[in-house]
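Take a look at the structure set out below.
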Amino acid sequence: MGQAGSIQATIQGNVSGQVAVGSYILQMGDVNGGIVNFAAPSEKPTYSRRPSPVKLRPRAFPSLLNREAEFASARTALQGAIPVSIYGEEGIGKTSFVRQLTHLLDTDGFPHGVVYLDSPAGNPDDLLQSLFDAFYESLPEFKPTPTQIRHALRDLNAVIFLDDLNLETDEVLSLLNSAPNSLFVVSSLERALWGEGQLIPMRGLSETYALALFEREVGHPISEEERKDAHKIVGLLKGHPLHILQAASLIREKSWSVGETLEALLEEAPEIALFQAALSTLIDEQKRSLAILAAAGGTAIPIEHLSALSQDTDARKTLRGLIALGLVQAQSPRYSLIGDLATRFDTLWDLSAREDALINYFVRWLEEGPARELVEESAEVLLYVVRKADEKARWPELIRLGRALEPYLILWKRWQAWAELLNLILKAAQTLGDRALEAWALHQ
């Protein structure tokens, strides 16, 4: 297929450039907003399919325990080309299962390959763009139209894993219809399919495997006397893998005995008692990092921001300690709270001052014109902070954040997120009575 002619994009300081969309060219960088022109035939970019099969798998998880029945259900679904909905509460092991599943399933019957997306875009249009980019090559400045995307995905015959998906049921069905010849395997908190598909609920481990996981994570064999208390611990935690790991980490990292850990779990609801026990062992630097991550709503934050916000000269060491306790997870080079801890912190700590600090920090940082790559790594937390500024009615900061972030969303082709951002800026402009800004938002 042909090339895209003279379409270019430049990112430095104020973000500028242009994006080709169907028969149009969107030019950015003008103070009054984007300018749309017709594209000459020679300027219309094209795209081509990546060499098949595409292989975008995560690392395997060979140490997974006690999921034979779930694997059997997934294999049956694959043989019948039936979509799969894997669901269960936070920390129950969905991601570990899906990671291993991408390597164990026989996908030879799907000539276009396997694609795994972790925590994909929380809206259907931007998710379709991510799928398009996984299977097709095009110039960075080319934004396919929704119709072009659906035509491109229609004839694909691939296995698509969407881990930690957050869409409504009708949005999931629309997504499946966009690639009707591909097999979707979706993991989410709640079941994603109704009336069709293979359902795989994820539950706690059986006692035998729960005890094996506990002993493995403790790091040394436990005595027969300790084993009785260990049985009680995994029973109280209902075989929940993440909670078992967190309980074991108190013994491994903090030198608690098995009996002391059991006593702590008996003080109140086990999962709450476990959380409180872990917090009681933290030093001030660890508490500061946790508070920042909690104020970010559990979104992933690059290490550069965590270091600056916490003023911790050895933030990596601090975070390693939190990872060892099962409170934080690394998504190199980013970090986030694990499981549903953001919700727990929200009820335990007053995070308002931390939220304000996040807003102020990212306003200054974005306006300094950081490298595009770091802005993209920060996209998840930046969008969260904009929404938080809206929630807290911090209209001037929302506007400054939104205006600085807007061109990046255009160039990343996250146009549904762009639309959400513009609506928030419009709301702020109307609230403040800023007619010029209101006109700009409507123009965009």
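- Here the NE2-CZ distance, from His231 to Phe214, works out to 11.0 Å after rounding to the nearest 0.5 Å.
- Considering every non-hydrogen atom in both Thr281 and Gln286, the closest pair reads O-OE1, 4.5 Å.
- Ion pairing between Glu224 and Arg227 holds under the 4.0 Å rule for side-chain N and carboxylate O.
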List the steps and the verdict of side chain to side chain contact (heavy atoms under 4.5 Å, CB included) for Leu117 and Leu127.
CA-CA 9 Å; Leu117 296 180; Leu127 176 51; 3.9 Å; yes

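- In this structure, Tyr136 contributes its side chain and Ala152 its backbone to a donor-acceptor pair below 3.5 Å.
- Considering only residues two or more places apart in sequence or on other chains, Glu70 meets the side-chain contact (heavy atoms from CB on, under 4.5 Å) condition with Arg67, Phe97, Ile200, Met202.
- Residue Lys392 places its NZ atom among more than 12 non-hydrogen atoms of other residues, nucleotides or ligands, all under 6.0 Å distant.
- Ring planes of Phe161 and Tyr116: tilted class, angle from 30 to 60°.
- At a threshold of 4.0 Å, the pair Lys94-Asp163 does not count as salt-bridged, since none of the basic side-chain nitrogens sits closer than that to a carboxylate oxygen.
- Distance CG/Leu327 to CD1/Ile338: 8.0 Å, rounded to 0.5 Å.
- Residue Leu265 comes nearest to Pro270 through the heavy atom pair CD2-O, 3.5 Å, listed as atom of the first residue, atom of the second, then distance.
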Please table the atom pairs, donor to acceptor, closer than 3.5 Å between any side-chain atom in residues 298-307 and protein atoms at least two apart or in another chain.
from: Thr299; atom 1: OG1; to: Ala296; atom 2: O; distance (Å): 2.7
from: His305; atom 1: ND1; to: Tyr361; atom 2: OH; distance (Å): 2.8
from: His305; atom 1: NE2; to: Ser378; atom 2: OG; distance (Å): 2.8
from: Ser307; atom 1: OG; to: Ile303; atom 2: O; distance (Å): 3.1

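- We find the CD1-OG distance between Ile251 and Ser257 to be 7.5 Å, quoted to the nearest 0.5 Å.
- Evaluation of the salt bridge (charged side-chain N to carboxylate O under 4.0 Å, His left out) rule for Glu226 yields no partner, not counting sequence neighbours.
- Residues Leu322 and Ser289 form a side-chain contact, since some pair of their non-hydrogen atoms from C-beta on lies under 4.5 Å apart.
- Distance alone, capped at 3.5 Å, is enough to place a donor-acceptor pair between the Asn423 side chain and the Ala419 backbone.
- Judged by distance alone, with hydrogens and angles left aside, the side-chain atoms of Ser249 form a donor-acceptor pair with the main-chain N or O of Gln246 at under 3.5 Å.
- Contact check on Asp356 versus Arg394 returns a salt bridge, with a Lys/Arg side-chain nitrogen under 4.0 Å from an Asp/Glu carboxylate oxygen.
- Taking both residues in full, the closest heavy atoms of Leu250 and Ala278 are given as CD2-CA, 4.0 Å, listed atom of the first, atom of the second, then distance.
- Trp194 is linked by a ring-ring contact (aromatic ring centres under 6.0 Å, His included) to nothing, counting only residues two or more places apart in sequence or in another chain.
- Among residues at least two apart or in separate chains, there is no salt bridge (Lys or Arg N to Asp or Glu O under 4.0 Å) pair with a member in residues 264-291.
- The list of salt bridge (Lys or Arg N to Asp or Glu O under 4.0 Å) pairs with a residue in residues 324-341, not counting sequence neighbours, reads Arg334-Glu380, Asp340-Arg344.
- Shown here for Ala428 and Leu398, the closest heavy-atom pair between the two residues is CB-CD2, 4.1 Å.
- Considering only residues two or more places apart in sequence or on other chains, Arg400 meets the side-chain hydrogen bond (donor to acceptor under 3.5 Å, both in side chains) condition with Glu367.
- A donor-acceptor distance shorter than 3.5 angstrom exists from the side chain of Arg216 to the backbone of Ser63, with no hydrogens or angles considered.
- Under the rule for a ring-ring contact (aromatic ring centres under 6.0 Å, His included), Trp395 has no partner lying at least two apart in sequence or in another chain.
- Closest approach of Asp126 and Ala417 over heavy atoms only: OD2-N, 3.1 Å.
- In this structure, the side chain of Lys238 does not engage the main chain of Leu205 through any donor-acceptor pair within 3.5 Å.
- Sparse packing is recorded around CZ of Arg316, with 12 or fewer heavy atoms of other residues, nucleotides or ligands lying under 6.0 Å away.
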Which donor-acceptor pairs under 3.5 Å do the side chains of residues 103-115 make with protein atoms, sequence neighbours left out?
from: His103; atom 1: NE2; to: Pro58; atom 2: O; distance (Å): 2.7
from: His103; atom 1: NE2; to: Ala60; atom 2: N; distance (Å): 3.4
from: Asp106; atom 1: OD1; to: Asp108; atom 2: N; distance (Å): 3.2
from: Thr107; atom 1: OG1; to: Arg57; atom 2: NH2; distance (Å): 3.3
from: His112; atom 1: ND1; to: Asn157; atom 2: N; distance (Å): 2.8
from: His112; atom 1: NE2; to: Arg49; atom 2: NH1; distance (Å): 3.1

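- Looking only at distances, no side-chain donor or acceptor of Asn66 sits under 3.5 Å from a matching main-chain atom of Ala210.
- Judged by distance alone, with hydrogens and angles left aside, the side-chain atoms of Ser182 form a donor-acceptor pair with the main-chain N or O of Leu156 at under 3.5 Å.
- When atom types are taken as modelled, the side chain of Glu215 and the backbone of Ala212 share no donor-acceptor pair closer than 3.5 angstrom.
- Under a cut-off of 6.0 angstrom, the local environment of NZ in Lys254 is crowded, with over 12 non-hydrogen atoms contributed by other residues, nucleotides or ligands.
- Side-chain atoms of Asn181 come within 3.5 Å of backbone atoms of Arg154 as a donor-acceptor pair (strictly under, hydrogens ignored).
- Among residues two or more places apart in sequence or in another chain, the ring-ring contact (aromatic ring centres under 6.0 Å, His included) test is passed with His243 by His240.
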Dump the intermediate steps for side chain to side chain donor-acceptor pair (under 3.5 Å) on Asp133 and Gln129, then the final yes or no.
CA-CA 6 Å; Asp133 291 337; Gln129 176 68 54; 3.0 Å; yes

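- Every residue was checked against the side-chain hydrogen bond (donor to acceptor under 3.5 Å, both in side chains) condition with Glu263, not counting sequence neighbours, and none meets it.
- Counting heavy-atom neighbours within 6.0 Å of Glu68 CD, excluding the residue itself, gives a total above 12.
- Residues satisfying the ring-ring contact (aromatic ring centres under 6.0 Å, His included) test with Phe275, not counting sequence neighbours, are Phe345.
- Nearest heavy atoms, Ser178 versus Leu128: CB-CD2, 3.8 Å.
- Taking CH2 of Trp418 as the start and CD of Glu406 as the end, the distance is 6.0 Å to the nearest 0.5 Å.
- Taken to the nearest 0.5 Å, the CZ atom of Phe61 stands 6.0 Å off from the CZ atom of Arg99.
- A distance-only check finds a donor-acceptor pair linking the side chain of Ser85 to the backbone of Ala192 [under 3.5 Å].
- Remark: Leu426 CG to Leu421 CG distance equals 11.5 Å, nearest 0.5 Å.
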